[in-house]
Novice: 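Take this structure first; my questions come after.
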Amino acid sequence: MSDQLRPRASLRTAVVWEVLKDALDRQVKATGRDALDVVDTGGGTGNFAVPVARLGHRVTVVDPSPNALFALERRAAEAGVADRVHGVQGDILGLFDVVGRGGYDAALCHGVLEYVDDPAQGVRNAVDALRPGGALSLLAAGLGGAVLARALAGHFTEARQALSDPAGRWGDGDPMPRRYTAEQLTELVSAAGAEVGAVHGVRVFADLVPGVLVDTEPGAMEALLKLETAAAELPAFHSVATQLHVLGARQA
């Protein structure tokens with residue numbers, strides 16, 4: 001796809017998507033089933049659910065917003081995967097009010113832990129929804145990326161506040177309720193009974209590079225995407241990533 005046709009938003013999801021797709025491919029080989037059962041907690045309008053369904057898998061999206069679920073239904077229909085995407089209203093803390101335990105080959109928990117009252121319980125529920133060996137894909141806001149962004153914007157006091165705040169917030173005006181370090185996320189995953197497979201830094205550079213440069217410089221978007229991919233697995237960059245992705249697996 002050319003730079004002109006590739007949406008800039010793909011920079012925000014490309015690393016996670018590639019890791020997730022590889023994990024699903026491994027699950028297909030491990031289970032011997034071409035169609036996996038996937039639960040997407042907080043999946044909203046289907047940014048990941050619809051592409052996963054396009055791979056041939058069955059996806060249950062659990063989200064508290066009726067409007068998001070309506071948009072999900074329309075999006076799935078437009079993509080031709082309405083028969084493989086099922087939306088139900090609920091949230092991760094009440095996950096087993098709407099889905100069963102231990103029935104899924106993969107669980108997605110993207111952009112959820114920042115907002116729930118009990119993140120540890122949320123991760124436990126996501127893991128408990130999995131069959132033994134099932135894959136967990138966890139994506140959450142990173143502390144370091146927010147600190148770096150505030151500092152580069154000249155808000156040094158707010159950057160320092162985020163560093164010392166237990167929730168990683170830079171002030172009362174901060175729209176993000178909670179941020180995490182890589183260590184905090186991996187501890188949550190391990191405590192929930194899942195084995196941590198890999199940690200990736202997401203949007204290490206994408207949020208810092210001027211949009212005009214990416215949009216107008218020939219080849220810049222493709223080069224930036226390759227840079228993001230190369231840096232994602234390096235621990236040195238986890239501490240400055242806007243988001244952190246943890247891939248885990250439920251222990252047998």
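Residues take their numbers from the sequence shown, with the count starting at 1.
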Novice: Is the shortest side-chain heavy-atom distance between Leu139 and Leu244 below 4.5 Å?
Specialist: no
Novice: Quick check on the hydrophobic clustering: are Val147 and Leu152 connected, directly or via other members, by side-chain heavy-atom contacts under 4.5 Å?
Specialist: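 Different hydrophobic clusters.
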Novice: Measuring from atom NE2 of His238 to atom CD of Glu183, what distance do you get when rounded to the nearest 0.5 angstrom?
Specialist: 9.5 Å
Novice: Can you name the one residue among Leu20, Val61, Asp40 that meets side chain to side chain contact (heavy atoms under 4.5 Å, CB included) with Val52?
Specialist: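 Among the candidates, only Leu20 passes.
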Novice: Do the ring planes of Phe48 and Trp17 sit parallel (below 30°), tilted (30 to 60°) or perpendicular (above 60°)?
Specialist: tilted
Novice: For the CZ atom on Arg33, are there more than 12 heavy atoms of other groups (residues, nucleotides or ligands in this structure) within a distance under 6.0 Å?
Specialist: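 More than 12 within 6.0 Å, yes.
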Novice: Does Arg203 come within less than 4.0 Å of Asp207, counting only side-chain N to carboxylate O?
Specialist: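 Result for this pair is yes, salt bridge flagged.
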Novice: Is the number of heavy atoms from other residues, nucleotides or ligands under 6.0 Å of Phe70 CZ greater than 12?
Specialist: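 No, the 6.0 Å shell around CZ holds no more than 12 heavy atoms from other groups.
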Novice: Are there over 12 heavy-atom neighbours, none belonging to Asp117, within less than 6.0 Å of that residue's CG?
Specialist: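 No, because the 6.0 Å sphere around CG of Asp117 holds 12 heavy atoms or fewer from other groups.
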Novice: Testing the basics here: between Val123 and Ala192, what is the closest heavy-atom pair and its distance to 0.1 Å?
Specialist: CG1-CB, 3.7 Å
Novice: Nearest 0.5 Å, please: how far is CZ in Arg250 from CG in Asp105?
Specialist: 12.0 Å
Novice: Could you pull out the closest heavy-atom pair between Leu95 and Ala129, with the gap in Å?
Specialist: CD2-CB, 4.1 Å
Novice: If you define the side chain from C-beta out and look only at heavy atoms, does anything of Gln89 sit under 4.5 Å from Asp63?
Specialist: no
Novice: For residues Leu130 and Leu138: do they belong to one hydrophobic cluster (side chain heavy atoms under 4.5 Å, members Ile, Leu, Val, Met, Phe, Trp, Tyr)?
Specialist: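 Shared cluster, yes.
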Novice: Would you mind checking if Glu114 and Arg178 are paired as a salt bridge, meaning a charged N to carboxylate O distance below 4.0 Å?
Specialist: no
Novice: Can you tell me if CD on Glu195 sees more than 12 non-hydrogen neighbours from other groups inside 6.0 Å?
Specialist: no
Novice: Counting only heavy atoms not in Gln161, do more than 12 sit closer than 6.0 Å to its CD atom?
Specialist: yes
